[in-house]
Amino acid sequence: MSRLIVVSNRVSLPSPDGAQGGLAVALQAALREAGGLWFGWSGKEIDTFTGSVRFEESDGVRSAVVDLEPQDVEEYYNGFANRTLWPLFHYRIDLAQYNRSFGAGYERVNKRFAEPLRVMIEPGDTVWINDYHLIPIASQLREHGINNRIGFFLHTPWPPTRLLVSLPYHERLVQAMFAYDVIGFQTGEWLESFLHYCQNELGGTVDGEYVTFEGRTLRAVVCPIGIDFRNFVGALDTKGAADIAQRMQVSLRGLSMIVGVDRLDYSKGLGERLTSFETYLQRHEEAHRAVVLVQVAPPSRGEVEQYRDVREELNEMAGRINGAFAEVDWTPIRYVNRGYSRDELIALYRAGKVGLVTPLRDGMNLVAKEYVAAQDPEDPGVLVLSRFAGAAAQMQEALLVNPYAPEEVADAIHRALTMPLAERKRRHKALLEGVEREDVHWWRERFVSMIEAAPSPRASAPAPSAS
Ligand code: ADP
Ligand code: F6P
């Protein structure tokens, strides 16, 4: 029987403490429903890479993981993935580091992943690779003679050509993508950038959804990821949710709460968000002792200096703003550096009169969708959403803002907190319909069926190599 084999850098089986990031949460949900196998890095290090695979099973999801050695983690994960591609793909070439050892580590680890993976792939299996860590893996698999259908989904933005060309060997990275049958993007904007690069930099030809380069054709599509709506909303009835709801009710004592939930990442615009909230407090005396911002931001990628810098910057900002505005009986910002379980998160979202989701650039942003799903339809909160989040394309009924403009965000906070019930309900209803309809299962079914629809077996000519 043909199976779905999902591959991503991080394989994260269901765990009670959350903080996994959007990709892991979404893939868990997809695999729980579709069955199949999830392959990737265990997140653990061993002295020397062995390539030996451990199989595990949890909550109906089967996984196969390998450990990496310290040099791999440094050059591939902390290096090329998180110091080079992540900032570049989020339009931050000022933060991107171009270091040859990172590129070499990236290709080495992709080869190391491809080795055990090719042994697991059986004829007829559909292979689905996820995210920027693993772009060249399909070309490695093709070199090993794997001619199964292989799709790639990019969870981050794809940068404009004029930024991408700042990456040394950018052609090599993109040429390797022609080993895939289908490539999926979160929004039309990222797809357009990809097509623009293929046509104008690579010299490929674009015909509708099909892109051809040196005799290889791939299909490039938009397929926005969603949340596991039903499962998520089910958490409202749990004890964890009831406990947090009770604690928040007691601790808020009539204060209106604005809620932010993000990995501590510079792309999330947390510094700009605090500045916007400060601007709001400066302009709205009536908010003093009446409004509180609860910002949950668990640390992420702590080996990378820019993540440590952003953490320090936020500690300083939250302390400074609280110092300037707090009263003995009111602190304007509650800044929390830990993860919460899904049950706790949903109750936090529901307690928020405003969901403040203001990334500077984001592939999708599932927090925006979770916030909407968590609201009481009879008395919903208002989503204030960055126009630069991929989610904005599907969530036009949110209050869309430019996260770089503090006065604009401050005005949106005020508007959200004073919005009449009828308008809140109207906006929420439209948003909820989209979040419920275009959920993670819709996303998985659409994308996998596009991979399955690709012509197979592939022509036997070898794909352009990434190495
Ligand atoms: P990213 O993948 O960049 O982290 P997303 O918004 O798409 O951003 O996904 C974040 C996911 O991680 C959401 O499912 C969210 O619930 C989860 N998450 C974020 N912060 C926390 C936290 N403090 N505790 C638990 N889960 C969190
Ligand atoms: O696409 C966003 C992403 O990079 C995912 O791959 C990942 O689930 C999430 O951010 C968290 O990042 P990391 O796995 O580096 O902790």
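Whatever order the structure lists ligands and atoms in, that order sets their numbers, starting from 1.
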Quick check on salt bridge (charged side-chain N to carboxylate O under 4.0 Å, His left out): which of Glu303, Glu74, Glu75 does Arg83 satisfy it with?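 Answer after filtering Glu303, Glu74, Glu75: Glu74.
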For ligand 1, is any non-hydrogen atom under 4.0 Å from [X]'s backbone (N, CA, C, O), its side chain (CB onward), both, or neither?
X      : value
His155 : neither
Val296 : side chain
Tyr371 : neither
Leu345 : side chain
Glu370 : side chain

Check whether Tyr340 forms a cation-pi arrangement with Arg338 (NZ or CZ under 6.0 Å from the six-membered ring centre, at most 45° off the ring normal).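 Yes; both conditions hold, so Arg338 lies above the ring face of Tyr340.
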Using the side-chain hydrogen bond (donor to acceptor under 3.5 Å, both in side chains) criterion, which residues pair with Tyr307? Sequence neighbours excluded.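 Trp86, Asp265, Arg301.
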Those residues that, when tested against Arg350, pass side-chain hydrogen bond (donor to acceptor under 3.5 Å, both in side chains) (two or more places apart):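 Testing Arg350 for side-chain hydrogen bond (donor to acceptor under 3.5 Å, both in side chains), a comparison that skips the adjacent residues, returns none.
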Looking at [X], which atoms of ligand 1 are within less than 4.0 Å of one of its heavy atoms?
X      : answer
Asn365 : 6 (O), 7 (O)
Arg263 : 1 (P), 3 (O), 4 (O)
Tyr340 : 22 (C), 23 (N), 24 (N), 25 (C), 26 (N)
Arg338 : 23 (N)

Verify the distance criterion only: is there a donor paired with an acceptor across the side chains of [X] and [Y] at less than 3.5 Å?
X      : Y      : result
Glu45  : Gln71  : no
Thr358 : Arg273 : yes
Ser166 : Tyr98  : yes
Trp190 : Thr187 : yes
Asp362 : His90  : no
Glu452 : Ser449 : no

Find the distance between CG (Leu274) and OH (Tyr280) and round it off to the nearest 0.5 Å.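 Going from the CG atom of Leu274 to the OH atom of Tyr280 covers 15.0 Å.
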If you measure every N or O of Tyr77 against every N or O of ligand 2, does any of those distances drop under 3.5 Å?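 Yes - when backbone and side-chain N and O of Tyr77 are compared with those of ligand 2, one distance drops under 3.5 Å.
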Min heavy-atom dist Tyr349 to ligand 1 below 4.0 Å: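 Flag set, Tyr349 near ligand 1.
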Compute the minimum heavy-atom distance from Met364 to ligand 1 and say whether it is under 4.0 Å.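 Checking ligand 1 against Met364, which is what was asked, there is no heavy-atom contact under 4.0 Å.
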Counting heavy atoms only, name the option from Asn130, Asp131, Asn9 that's nearest to atom 6 (O) of ligand 2.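 The nearest heavy atom belongs to Asp131.
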Closest by any non-hydrogen atom to atom 9 (C) of ligand 2: pick that one out of Arg10, Arg301, His155, Met364.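 Comparing heavy atoms across Arg10, Arg301, His155, Met364, the nearest one to atom 9 (C) of ligand 2 lies in Arg301.
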Hey, which atoms in ligand 2 end up nearer than 4.0 Å to a heavy atom of [X]?
X      : answer
Tyr132 : 4 (O)
Arg263 : 9 (C), 10 (O), 11 (C)
His133 : 6 (O)
Trp86  : 2 (C), 4 (O)

Below 3.5 angstrom, do we get any N/O pair linking Val261 and ligand 1?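 Min N/O separation from ligand 1 is not below 3.5 Å for Val261.
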Consider every N or O of Lys268 and every N or O of ligand 1, then say whether any pair is closer than 3.5 Å.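 Yes; at least one N/O pair falls below 3.5 Å.
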Is the centre of the Trp128 ring less than 6.0 Å from the centre of the Phe447 ring?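 They qualify: ring centres under 6.0 Å apart.
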